[in-house]
Structures are given as C-alpha cells and as structure tokens.
Engineer: 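Below is one structure. I have some questions about it.
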Amino acid sequence: MENILNLKYYCGQDNYSDGEVEDELLDIVKNNDDYDEVLCGNNDWAFLYHLSPIRENLLEWYDFNGGGSLLEIGSGCGALTGLFCRKLSRVVGIDLSKKRSTINAYKNKRYNNLEIYVGNFADIAVEEKFDYVTLIGVLEYSCYYVGGKDAFKDMLVKAGSYLKPGGTLIVAIENKYGLKYWAGAKEDHTGVIFDGILGYEGVDRVRTFSRKGLEDLLVRSGFNDNQFYYPVPDYKMPNEIFTPGRLPGKGDLRGMSRAYDRDRHMFFDEELAYDSICGDGMFEIFANSFLVFSKKSL
C-alpha cells in the first residue's frame with residue numbers, strides 16, 4: 001500500500017473511528033475482491049455503509065470529465081473512491097484515519113491513479129488544483145477539521161481553494177428538516193430525536209442545514225452557482241436522484257422509510273405525507289438529503 005498511502009502529515013493517532021468493526025473491514029478487504037457474500041451474511045450497518053455498491057449510485061450517473069482530477073476530502077473506507085478512480089484520471093483522497101485509509105487502499109488497490117493523504121485536511125498542503133473537490137458526508141463535521149467561529153464557511157472556502165478555475169465542488173449532506181426526522185428518525189449524527197429540527201441545542205460538534213441555509217452558506221463562501229439534486233431515500237443509500245426539473249409526484253416515493261442504521265419511531269406514514277408535500281410543491285424543503293454541484297463565478 002506504500003504507493004497509495006501518503007503518511008507525511010499523519011499525527012500517529014486515529015482521532016475518528018467506528019471501533020473494532022474497522023478491524024473486521026480491514027480483514028475483509030485484504031482477503032476479498034467481492035463483498036456480496038459478506039453483505040448477505042451480516043446485518044451490521046457499518047458493513048452496509050462501507051461496502052455496499054449502492055453507495056456509488058450517488059454519482060455513478062454523473063458526467064465527469066474523464067481526463068480530469070478529483071480531490072476527495074474525507075475519503076474514509078473508500079465507498080466512492082473506486083467510482084472516482086474509474087471515472088477520472090487522477091484521484092487524491094484525504095482522511096483523518098490511517099486505518100480507514102488502509103481499508104480504502106486495499107479496497108482500491110487495483111487502481112494506479114489513486115493517492116491518499118492521511119491527516120487533517122486543515123494541515124495538509126496539497127499543491128495541485130483539481131477539476132472536482134468533494135465534501136460527501138463531511139461538511140457537517142467541519143468543526144473537527146478547521147474549528148473556529150465560522151468553521152463551515154472556512155471549510156468551504158478551503159475546499160474551494162483547491163479547485164481549478166471553473167471547477168466543481170460536490171457536496172452531499174442530510175437536510176436537517178428532512179421528513180424522516182419529523183416522522184421519528186433520530187438525527188443521523190447525534191442519535192437524538194429532533195436534534196436538528198430544534199437547532200442542535202447543546203451540540204457543538206456537528207451541524208446540518210436546511211435547503212435555504214445550505215445555499216446561503218455556499219453563496220457566503222464564494223459559490224454563486226449551486227445546482228441542487230435530491231437523493232432518495234438519502235445520499236448514503238440512494239436508489240434514485242431527483243432533479244429540479246424532475247421532482248417526485250404522488251406515489252413516486254414508496255418504500256423509502258427504511259431504517260438502516262438504528263431503530264426509530266414511526267409517528268406517521270411518510271409515504272402519504274410525501275404525497276401531500278409533493279402535491280403542494282414542497283419536496284425540496286423536506287427531502288432527506290441534498291446533493292449539490294457548486295461553482296464560483298468566473
């Protein structure tokens with residue numbers, strides 16, 4: 001893995017981990033090239049999240065510039081890294097965790113266009129510029145990376161500094177007003193019901209945003225061209241991507257109330273609620289997740 005992992009900025013300690021399950025994941029990717037049997041025989045959310053090919057649905061459809069380059073901030077265990085390696089000429093990942101990056105490296109060892117920096121994004125000096133920079137499940141953790149009073153703006157500004165002129169920032173994040181949270185799902189990051197809806201009272205380590213709040217943050221960070229898309233049921237396990245030009249109607253959002261990661265309440269029928277919401281043209285406000293392609297004005 002020496003040709004993939006760059007440990008120049010590694011502090012010697014992993015500050016972000018899912019625990020012992022990462023040892024199991026490392027063993028799996030070292031000894032398997034196909035994970036179907038593993039996934040069929042295990043119902044642990046961590047295995048599904050890190051190994052399922054469903055994860056790639058988020059951007060498998062996107063028309064990347066095949067000769068371009070991409071910086072994947074928070075590359076983790078590599079759920080999307082292989083997709084990027086197949087679609088682009090050069091991929092650079094950055095992740096806080098050496099173990100996660102090692103899992104990623106083994107999982108994508110077949111590719112010769114991948115380099116992974118291990119360390120804090122705020123401390124790593126990458127000299128090159130990229131056609132694409134991704135913050136997929138990362139922006140909400142900006143306090144971990146850059147800190148400060150305006151960590152989310154600072155994170156976006158720093159991510160944008162790695163873009164070539166005309167380059168694209170790709171952000172995927174939960175909607176704090178996603179319908180699943182009103183219907184009884186626990187907040188994805190804190191595990192507390194209604195945490196985001198109630199403004200993360202007493203929580204200082206994570207934030208998600210509303211549709212308007214995220215767009216305002218992007219504009220404030222220098223990204224004036226923001227195209228919103230809507231992964232269903234969410235960006236983590238997307239089965240379908242809706243666009244502003246093709247939003248769901250009555251009956252289009254069936255079977256999307258799955259609870260992959262933890263038990264949850266079911267206060268009302270989300271499918272019927274979505275029928276009403278879509279009929280009133282309010283889906284973009286209550287979608288569970290956002291996928292945003294952002295550019296700076298030239």
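When reading the values below, keep in mind they use all heavy atoms of this one structure, side chains included, and skip hydrogens, waters and symmetry mates.
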Engineer: Answer yes or no for Arg55 and Tyr49: cation-pi contact, defined as NZ/CZ to six-membered ring centre under 6.0 Å and angle to ring axis within 45°.
Structural biologist: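 Pair Arg55/Tyr49 counts as cation-pi.
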Engineer: Quick test of your reading of the model: are Arg246 and Glu240 salt-bridged, counting only N-O distances below 4.0 Å?
Structural biologist: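 Counted as a salt bridge, because a side-chain N and a carboxylate O are separated by less than 4.0 Å.
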Engineer: Side chains of Glu72 and Phe84, heavy atoms from C-beta outward: is any pair under 4.5 Å?
Structural biologist: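 Yes; the side chains approach each other to less than 4.5 Å.
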Engineer: Strictly below 4.0 Å, N to O, side chains only: are Arg207 and Glu140 in salt-bridge contact?
Structural biologist: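 No, no charged N to carboxylate O under 4.0 Å.
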Engineer: Please identify each residue that fulfils salt bridge (Lys or Arg N to Asp or Glu O under 4.0 Å) with Asp234, with sequence neighbours left out.
Structural biologist: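 Salt bridge (Lys or Arg N to Asp or Glu O under 4.0 Å) check on Asp234 returns Lys180.
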Engineer: Identify whether NZ of Lys or CZ of Arg in Arg211 sits under 6.0 Å from the centre of the six-membered ring of Phe228 and within 45° of that ring's axis.
Structural biologist: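 Because its charged atom sits under 6.0 Å from the ring centre and within 45° of the axis, Arg211 does stack over Phe228.
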Engineer: Any ion pair linking Lys176 and Glu187 (charged N to carboxylate O, less than 4.0 Å)?
Structural biologist: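 Result for this pair is no, no salt bridge flagged.
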Engineer: Looking at side-chain heavy atoms only, is the closest gap between Phe64 and Ile170 below 4.5 Å?
Structural biologist: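 The answer is yes; the side chains approach within 4.5 Å.
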Engineer: Less than 4.0 Å between a side-chain N and a carboxylate O, is that true for Glu270 and Arg264?
Structural biologist: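 Looking at Arg264 and Glu270, the cut-off is met.
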Engineer: Would you call Glu56-Arg86 a salt bridge at under 4.0 Å N-O?
Structural biologist: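 The answer is yes: the pair qualifies as a salt bridge.
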Engineer: With a 4.5 Å heavy-atom cut-off, do Tyr132 and Leu169 have their side chains touching?
Structural biologist: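 Tyr132 does not reach Leu169 side chain to side chain.
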Engineer: Between Tyr229 and Phe290, is any pair of side-chain heavy atoms under 4.5 Å apart?
Structural biologist: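 No, too far: nothing below the 4.5 Å cut-off.
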Engineer: Does one hydrophobic cluster hold both Trp61 and Leu58, with members joined at side-chain heavy-atom distances below 4.5 Å?
Structural biologist: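 Linked, Trp61 and Leu58 end up in one cluster.
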Engineer: With a 4.0 Å cut-off on N to O distance, would you call Asp150 and Arg220 a salt bridge?
Structural biologist: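 Answer for the salt bridge query: yes.
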Engineer: In this structure, are over 12 heavy atoms from other groups packed under 6.0 Å from Glu201 atom CD?
Structural biologist: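 No, CD of Glu201 has 12 or fewer neighbouring heavy atoms, counting only those of other groups under 6.0 Å.
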Engineer: Are the side chain of Asp195 and the backbone N or O of Lys186 linked by a donor-acceptor pair below 3.5 Å?
Structural biologist: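 Absent.
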Engineer: Between Lys236 and Asp188, is there a salt bridge with N-O shorter than 4.0 Å?
Structural biologist: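 A salt bridge links Asp188 with Lys236.
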Engineer: Check Asp131 with Lys164, please: is the shortest side-chain N to carboxylate O separation under 4.0 Å?
Structural biologist: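 Asp131 and Lys164: salt-bridged.
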Engineer: When you check the gap from the basic side-chain N to the acidic O, do Lys158 and Asp154 get nearer than 4.0 Å?
Structural biologist: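 Salt bridge flag = no for Asp154 with Lys158.
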Engineer: Keeping the roles fixed (side chain from Lys295, backbone from Asn224), state whether a donor-acceptor pair exists under 3.5 Å.
Structural biologist: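 Checking the backbone N and O of Asn224 against the side chain of Lys295, no donor-acceptor pair under 3.5 Å is found.
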Engineer: Just jot down the side chain to side chain donor-acceptor pair (under 3.5 Å) partners of Thr134, sequence neighbours excluded, or say none.
Structural biologist: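 If we apply the side chain to side chain donor-acceptor pair (under 3.5 Å) test to Thr134, skipping adjacent residues, there are no hits.
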Engineer: Just checking Asp33: does its CG atom have more than 12 heavy atoms from other residues, nucleotides or ligands closer to it than 6.0 angstrom?
Structural biologist: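 No, CG of Asp33 has 12 or fewer neighbouring heavy atoms, counting only those of other groups under 6.0 Å.
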Engineer: Have a look at Ser75 and tell me which of Thr81, Val92, Val138, Leu80 forms a side-chain contact (heavy atoms from CB on, under 4.5 Å) with it.
Structural biologist: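 Only match with Ser75 under side-chain contact (heavy atoms from CB on, under 4.5 Å): Thr81.
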